[in-house]
Amino acid sequence: MSSEVQRAIHDPQRLAAVHATGLLDTPPEEAFDRLARLARTVLGTPLAFVTLVDDERSYWKSCIGVPAGGPRQNTVEESFCQYVVGSGEALVARDAATHPVTKDNPSIELMGVAAWAGMPLRAPGGQVLGSFCVVDTEPREWTDEQISSLAALSEAAAGEIALRSALRSTSEAARTLRQVLLPPKVPSVKGLDVAAGHIAALDGFGVLGDFYDVFEAAPDRWVIAIGDVRGHGPEAAETAASVRWSIRALAREMSDPVAVMERVNDLLHARDDEDAPHVTALLATFAHDGTQGTEGLDVDVVCSGHPPPLLWREDGGMTHMAAAGRPLGLFEDAGLSAHTVTLDPGDSLVLVTDGAMEARDVAGEQLGEHGLKWALAAMTTAPVASSVVLQVLGAVRRHQHGMLRDDVAALVVGVPRG
């Protein structure tokens, strides 16, 4: 082991962060195993690990593909994770036996490691706790898309750790949820008008399960996701984070939105816990190269038990698209299908979570589809995406007199005029 790696392994702040997770020597947990199973599926490897490295060993919090009942750790000297901890960066080895960093590692013989790819698993403070890695027993090439998916899953595992730490303090939990379940900033999509917003229940102290995301899954291929986990508390938040990051990873490998949602349903339905939360979600994908054509923007929408999107036409007409599909995780077959809608210049697609449609006033009356349409029709300015989001969230607040009982998220995609 090099002196650089030794210094990093024995760094007091790093070791303190590892022990602060409370995960060393704990049994397998579905939250981490689900991410490792997804990594094995997406990258097509026999083995996947989520590890924490202290000063003596690499402890395998998740080890998918390793026979049950076997060891759940190896020594630091035998681990490939040592190199990730030492450098603080990803390590990708096509052939471990010839890679200059890994060629002398004893696990090449002891565990049959032929190819290895690992990402740093970081604590909220940035310390490298260990790695999120996959192993193949044959040399292989790793594609850029696969490495990008592995990085996303590593971030999801780190988010899971951060969430657990933050849940020790309610106010801190609310801040961490925004980091884990919601992107820090909605990316700019050239030629389109995109905005999103979220308000938390219980004056911002509720631990619930709304999420949304906007990202470019491949060049000129964009993905929008929004969803809500039924139930409250840490388990709902953990499930929401897992679904969000699973969609990110799968959408990079699959261009078909139905296939992405079916795979997420498979992952959720495979759980043994019958009481685990289920998820309503909506996934929208579209091809967009930054130019705006007169033919409009075609958006493919898959809805799984989620409030259908509202199509707001330039002439003021509003229609809710037909919904199809069951909530994710409830049934082996979610009954999903894709519907295509064309947004012409001046049109907007408005997505909300259940908390908006089901918001009740003191008399118990829901805001519902009618109330949402009425609030938008009352806008006196042009439907800029950010103003539409504020109008939706404001309508929910007013309907419940400021006392939100459920999280609310709204996301708007518009095609500007001209």
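Summarising the geometry, atom CZ belonging to Arg397 is positioned 4.5 Å from atom CD1 belonging to Ile199; distances are rounded to the nearest 0.5 Å. A distance of 6.0 Å separates CG in Leu35 from OG in Ser246, rounded to the nearest 0.5 Å. Note that CG of Asp193 and OG of Ser348 are 7.0 Å apart. Values are rounded to the nearest 0.5 Å. Note that the CG atom of Asp300 and the OG1 atom of Thr285 stand 4.5 Å from one another [nearest 0.5 Å]. Rounding to the nearest 0.5 angstrom, the gap separating the OG1 atom in Thr98 from the CD1 atom in Ile108 is 8.5 Å. Ser149 OG to Glu253 CD: the interatomic distance, rounded to the nearest 0.5 Å, is 4.5 Å.
With no hydrogens or angles considered, a side-chain donor-acceptor pair links Ser148 and Arg252 at under 3.5 Å. If you check the side chains of Arg57 and Ser79, you find no donor sitting under 3.5 Å from an acceptor. Side-chain contact annotation: Thr45 with Arg40, donor-acceptor N/O pair under 3.5 Å absent.
Counting all heavy atoms, side chain and backbone alike, Tyr59 lies closest to Leu24 at CB-CD2, 3.9 Å. Considering every non-hydrogen atom in both Glu78 and Leu110, the closest pair reads OE2-CD1, 3.6 Å. For the residue pair Ala251 and Val260, the shortest heavy atom distance occurs at CA-CG2, 4.0 Å. In plain terms, the two heavy atoms of Cys81 and Val53 that are nearest each other are CB-CG2, 3.7 Å. In this structure, Val134 and Ala48 approach most closely via the heavy-atom pair CG1-CB, 4.0 Å. Between Gly118 and Cys133, the shortest heavy-atom contact is CA-CB, 3.7 Å.
Taking the side chain as every heavy atom from C-beta outward, Leu268 and Thr239 approach each other to under 4.5 Å. Within the 4.5 Å cutoff, the side chain of Met379 has heavy atoms near those of the Ser387 side chain. Under the 4.5 Å side-chain criterion, counting only non-hydrogen atoms from C-beta, Leu372 is in contact with Met357. With contacts defined as side-chain heavy-atom distances shorter than 4.5 Å, the pair Pro345/Glu314 does not qualify. With contacts defined as side-chain heavy-atom distances shorter than 4.5 Å, the pair Asp95/Lys103 does not qualify. For the pair Met318 and Arg313, the minimum side-chain heavy-atom distance is 4.5 Å or more. With a 4.5 Å cut-off on side-chain heavy atoms, Asp136 and Pro46 count as touching. Between Leu283 and Ile224 there is no side-chain heavy-atom pair separated by less than 4.5 Å.
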**Asked** Between Arg248 and Leu153, does a side chain to side chain contact (heavy atoms under 4.5 Å, CB included) hold up when you go through it step by step?
**Response** CA-CA 9 Å; Arg248 269 195 169 242; Leu153 291 169; over 6 Å; no

**Message:** Before you tell me yes or no, could you show the steps for Leu192 and Val415 under side chain to side chain contact (heavy atoms under 4.5 Å, CB included), namely the whole-Å CA-CA distance, both residues' side-chain angles and the distance that decides it to 0.1 Å?
**Reply:** CA-CA 5 Å; Leu192 298 180; Val415 177; 4.0 Å; yes

**Request:** Verify side chain to side chain contact (heavy atoms under 4.5 Å, CB included) between Asp407 and Thr353, making sure each step is shown before the conclusion.
**Result:** CA-CA 8 Å; Asp407 278 15; Thr353 52; 5.9 Å; no

**Message:** Applying side chain to side chain contact (heavy atoms under 4.5 Å, CB included) to Val85 and Leu129, what does each step give before you reach the verdict?
**Reply:** CA-CA 7 Å; Val85 174; Leu129 303 172; over 6 Å; no

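Shown here are the salt bridge (charged side-chain N to carboxylate O under 4.0 Å, His left out) partners of Asp33, two or more places apart in sequence or in another chain: there are none. Partners of Asp333 under the salt bridge (charged side-chain N to carboxylate O under 4.0 Å, His left out) rule, at least two apart in sequence or in another chain, do not exist in this structure. Applying the salt bridge (charged side-chain N to carboxylate O under 4.0 Å, His left out) rule to Glu141 yields the partners Arg94; only residues at least two apart in sequence or on another chain are considered.
For His288 (side chain) and Lys190 (main-chain N/O), a donor-acceptor pair under 3.5 Å exists by modelled atom type. The backbone N or O of Pro27 sits less than 3.5 Å from a side-chain atom of Lys61, completing a donor-acceptor pair. One N or O on the side chain of His306 and one on the backbone of Val352 form a donor-acceptor pair closer than 3.5 Å. Judged by distance alone, the side chain of Ser304 and the main-chain N or O of Ala281 form a donor-acceptor pair under 3.5 Å. Proximity of a side-chain donor or acceptor of Thr26 to a complementary backbone N or O of Leu23 within less than 3.5 Å is detected. The backbone N or O of Ser131 sits less than 3.5 Å from a side-chain atom of Thr51, completing a donor-acceptor pair. Without hydrogens or angle criteria, Gln391 side chain to Leu376 main chain gives no donor-acceptor distance under 3.5 Å. When atom types are taken as modelled, the side chain of Asp347 and the backbone of Asp344 share a donor-acceptor pair closer than 3.5 angstrom. Looking only at distances, a side-chain donor or acceptor of Asn265 sits under 3.5 Å from a matching main-chain atom of Glu332.
Ring orientation note: the planes of Trp60 and Phe49 are nearly perpendicular, at an angle over 60° on the 30°/60° scale.
A ring-ring contact (aromatic ring centres under 6.0 Å, His included) with Trp116 holds for exactly one of Tyr83, Phe80, Trp142, Phe132; it is Phe80.
Geometric assessment of Arg244 against the ring of Phe211 yields a negative cation-pi assignment under the 6.0 Å and 45° thresholds.
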